[in-house]
Amino acid sequence: MGDLAHISLLLAAAFVAGALNAVAGGGSFLTLPALVFTGVPPVSANATGTVALLPGYMAGAWGFKDDIQSPPGLSMKSVVLLSLIGGAAGAALLLYTPDATFRKIVPWLLLAATAMFAFGPQLRQWATKAVGEQHGQAPGSAKAALGMLAVAIYGGYFNGGLGILLLALLGLLGQTNLHAMNGVKNLVSALLTAIAVAIYAAGGVVQWQQALVMMVAATLGGYLGARAARKIPPNWLRGGIVLTGLVMAGLFFWKQ
């Protein structure tokens, strides 16, 4: 797996990533670069980091199980199917992306995810306003299904910023209850990530030793992060995550 320094870096990155995901999101800003910097090829690093964070998504979905409601225009069955289909398609697309190509794409994906995170509140406000301007008429079922499928494909290919995209989409579909929105967000994230992980595993791109070590650290970080969340000013946390995303994207640009 590598020397002690590599193991320590992966443990630290996964622990902090789990904590970040528990309180705000942005964990992939740390897990992907840490794996790449320890010598894991970019495509494998993206898959392995996603495996490490899967328990957090599953725990989040379970935590909101009583609040989950399908958004307007989609049944719960449709949400589940689209999540699985999109996650599988995105994961398959990742497997067919050469490492050299993905290495060039990564900094742009990190920048896009950082921007989505930085402007997440504005995105949600815009989505809510757009629904209001439609006089309560949410998009039709075809547009709702297409939007859910597109976001699920993105999540299966690259997980960064997925939560923000999902919340914005749910707002556009006309969902207004924040607990219900978080419930659907966590359910979709867990489903598409689970199917993506299965495809990554079948494709042989997961570094299981690193994934399992990081999974334990991320789970512990998520638990402690959730407990400590109230002690951290939200603006400080958001600013720190945005800065991390920018720095990581800059390092990837520099290494090209």
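Basis for what follows: all heavy atoms, side chains included, without hydrogens, waters or symmetry-related copies. Every value quoted in this text rests on a predicted model; they were computed, and no experiment measured them.
Taken to the nearest 0.5 Å, the OG1 atom of Thr114 stands 10.0 Å off from the CG atom of Leu243. Distance check: Leu191 CG to Leu81 CG gives 10.0 Å after rounding to the nearest 0.5 Å. Taken from NZ in Lys143 to CG in Leu172, the straight-line distance is 11.0 Å, to the nearest 0.5 Å. With values rounded to the nearest 0.5 angstrom, Thr219 atom OG1 is found 11.0 Å from Phe15 atom CZ. Taking CG of Leu95 as the start and OG of Ser44 as the end, the distance is 10.0 Å to the nearest 0.5 Å. One finds the CD1 atom of Ile105 at 6.0 Å from the OG1 atom of Thr101 (value rounded to the nearest 0.5 Å).
A continuous path of ILVMFWY side-chain contacts below 4.5 Å connects Met248 to Leu162, so both sit in one hydrophobic cluster. Under the 4.5 Å side-chain heavy-atom criterion for ILVMFWY residues, a single connected hydrophobic cluster contains both Met76 and Met181. Cluster annotation: Val242 is connected to Val106 through the hydrophobic network of ILVMFWY side chains, with a link wherever side-chain heavy atoms come within less than 4.5 Å. No chain of hydrophobic side-chain contacts below 4.5 Å, direct or via other Ile, Leu, Val, Met, Phe, Trp or Tyr residues, connects Tyr57 to Tyr154. Connection of Ile195 to Leu93 is established within a shared hydrophobic cluster, with ILVMFWY side chains joined at heavy-atom distances below 4.5 Å, either directly or through further cluster members.
Listed for the Thr31 side chain is no donor-acceptor partner under 3.5 Å among the backbone atoms of Ala14. One N or O on the side chain of Asn46 and one on the backbone of Tyr157 form a donor-acceptor pair closer than 3.5 Å. The backbone N or O of Gln207 sits less than 3.5 Å from a side-chain atom of Thr48, completing a donor-acceptor pair. The main-chain N or O of Gln69 is found under 3.5 Å from a side-chain atom of Gln175 such that the two form a donor-acceptor pair. Checking side-chain atoms of Thr193 against main-chain N and O of Ala190 turns up no donor-acceptor pair under 3.5 Å.
At a threshold of 4.5 Å between non-hydrogen side-chain atoms, the residues Val51 and Met215 count as touching. Side-chain contact between Thr244 and Leu30 is present, with at least one heavy-atom pair separated by less than 4.5 Å. The closest side-chain heavy-atom distance from Ser189 to Leu166 is below 4.5 Å. At a threshold of 4.5 Å between non-hydrogen side-chain atoms, the residues Pro107 and Leu111 do not count as touching. No side-chain heavy atom of Val151 sits under 4.5 Å from any side-chain heavy atom of Val188. In this structure, the side chains of Pro71 and Leu169 stay at 4.5 Å or more apart for every pair of heavy atoms.
Contact between Ala47 and Val205 at its shortest, heavy atoms only, is CB-CG2, 3.7 Å. Scanning both residues, Pro72 and Ala144, for their nearest heavy atoms gives O-CB, 4.3 Å. Across every non-hydrogen atom of Gln210 and Leu35, the tightest pair is CB-CD2, 4.1 Å. The nearest pair of heavy atoms linking Ala92 to Ile199 is N-CG2, 4.2 Å. A pairwise comparison of heavy atoms in Ala45 and Val36 identifies CB-CG2, 3.6 Å as the closest pair. Between Leu9 and Ala34, the shortest heavy-atom contact is CD2-O, 4.1 Å.
Considering only residues two or more places apart in sequence or on other chains, Tyr200 meets the side-chain hydrogen bond (donor to acceptor under 3.5 Å, both in side chains) condition with none of them. In this structure Asn186 satisfies the side-chain hydrogen bond (donor to acceptor under 3.5 Å, both in side chains) test with no other residue, sequence neighbours excluded.
For the ring-ring contact (aromatic ring centres under 6.0 Å, His included) criterion with Phe252, the lone passing option out of Phe102, Phe37, Trp108 is Phe37. Checked against Ser8 for a side chain to side chain contact (heavy atoms under 4.5 Å, CB included), the options Leu11, Leu10, Leu4 give a single hit: Leu4.
The 12-atom threshold is not exceeded at NZ of Lys77, counting heavy atoms of other residues, nucleotides or ligands nearer than 6.0 Å.
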